[in-house]
Amino acid sequence: MASTTSHWTARISCVANELTTNVSILMFFGPVPEGLGDPRTSPDYVGSWDTFFDDLQPRDLDGGDQKPTVIQSFVNLSRAIVKRLSSSALQPAIAEPFLKENLSWCIIRQFDNGRIDLKDVPSLEVVVLAIPMTDPGNGHPRKSGDPQERPDITKGKQGGYRDHDDKEIGAAA
């Protein structure tokens, strides 16, 4: 008998020239840890996106009058959901309210773990995606469906989903 669950991921995007140094965007289930030290040691830490600009200055990634360069990455949330709750928590009826209440993020500089205010990266957008996964139940591999944005999970939070006049940032490729 076939069954369907969801794989959960956070898509993080921003305009490259808003980052003035290499940063890590850290995801948590629960409040962002306060204080000094590496927040990745928190039991609530889920994963991160670590930018790396090599020898380029971030402002060099944009070509003057050209459209801003949007960069993006993804952080897997499913493993942390299962570890925190259970495998049945991957069902949308459980995962969505959990993520809406508990998902948080921050930006730190990679060289010293110093915090960067989310307001200093106005294009930052964290959007949760649910990817339906169907298990045919006959020993064949699971099949994935098309990713579905779940904007209500992060909408209203600083750096969360927002409606766009220019959908290019929210739909960066």
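When reading the values below, keep in mind they use all heavy atoms of this one structure, side chains included, and skip hydrogens, waters and symmetry mates.
Here SG of C106 is found 9.0 Å from CD of E34. Values are rounded to the nearest 0.5 Å. Taken to the nearest 0.5 Å, the OG atom of S87 stands 9.5 Å off from the CD1 atom of I94. Taking CZ of F98 as the start and CD1 of I153 as the end, the distance is 11.0 Å to the nearest 0.5 Å.
In this structure a side-chain-to-backbone donor-acceptor pair under 3.5 Å is present from S104 to G30. Under a 3.5 Å cut-off, the side chain of K157 and the backbone N or O of L103 do form a donor-acceptor pair. Checking side-chain atoms of T51 against main-chain N and O of V23 turns up a donor-acceptor pair under 3.5 Å. Without hydrogens or angle criteria, S123 side chain to V15 main chain gives a donor-acceptor distance under 3.5 Å. With hydrogens and angles disregarded, no donor-acceptor distance shorter than 3.5 Å links the side chain of D120 to the backbone of I116.
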* To do: For R150 and W8, run side chain to side chain contact (heavy atoms under 4.5 Å, CB included): C-alpha distance rounded to whole Å, both residues' side-chain angles, the deciding distance at 0.1 Å, then the answer.
  => CA-CA 10 Å; R150 299 289 201 233; W8 299 89; 3.9 Å; yes
* Show the numbers, then the answer: is there a side chain to side chain contact (heavy atoms under 4.5 Å, CB included) between F74 and L129? => CA-CA 10 Å; F74 299 85; L129 303 174; 3.8 Å; yes
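Under the 4.5 Å side-chain criterion, counting only non-hydrogen atoms from C-beta, V126 is in contact with M27. Side-chain contact check for I71 versus W49: some heavy-atom pair is nearer than 4.5 Å. No side-chain heavy atom of R162 sits less than 4.5 Å from a side-chain heavy atom of K155. E125 places none of its side-chain heavy atoms less than 4.5 Å from the side chain of C14. Considering only heavy atoms from C-beta on, L124 comes within 4.5 Å of I25 through its side chain. At a threshold of 4.5 Å between non-hydrogen side-chain atoms, the residues I12 and W105 do not count as touching. In this structure, H7 and P132 have side chains that are not in contact, with every pair of non-hydrogen atoms separated by 4.5 Å or more. Under the 4.5 Å side-chain criterion, counting only non-hydrogen atoms from C-beta, V128 is not in contact with E149.
Side chains of N76 and T9: a donor-acceptor N/O pair is absent below 3.5 angstrom, by distance only.
Closest of all the heavy-atom pairs between R115 and P33 is NH2-O, 2.6 Å. Between L99 and F29, the closest heavy-atom pair is CD2-CE2, 3.6 Å. Closest approach of I81 and A95 over heavy atoms only: CD1-CB, 4.4 Å.
Linking Ile, Leu, Val, Met, Phe, Trp and Tyr residues whenever their side-chain heavy atoms come within less than 4.5 Å places L85 and V46 in a single cluster.
The local environment of CD in Q110 is crowded, with over 12 non-hydrogen atoms from other residues, nucleotides or ligands closer than 6.0 Å. Within 6.0 Å of CG on D146 lie no more than 12 heavy atoms contributed by other residues, nucleotides or ligands.
Judged as a side-chain contact (heavy atoms from CB on, under 4.5 Å), and not counting sequence neighbours, the contacts of T5 are L90, Q91, M133, R142.
Sorted by first and then second residue, the pairs that involve residues 72-84 and meet salt bridge (Lys or Arg N to Asp or Glu O under 4.0 Å), not counting sequence neighbours, are D44-R84.
A salt bridge is defined here as a Lys NZ or Arg NE, NH1 or NH2 lying under 4.0 Å from an Asp or Glu carboxylate O, and R109 with D112 meets this definition. At a threshold of 4.0 Å, the pair R40-D38 counts as salt-bridged, since one of the basic side-chain nitrogens sits closer than that to a carboxylate oxygen.
Cluster note: Y45 groups with L26, F28, V32, I108 through ILVMFWY side-chain heavy atoms spaced under 4.5 Å, whether in direct contact or through intervening members.
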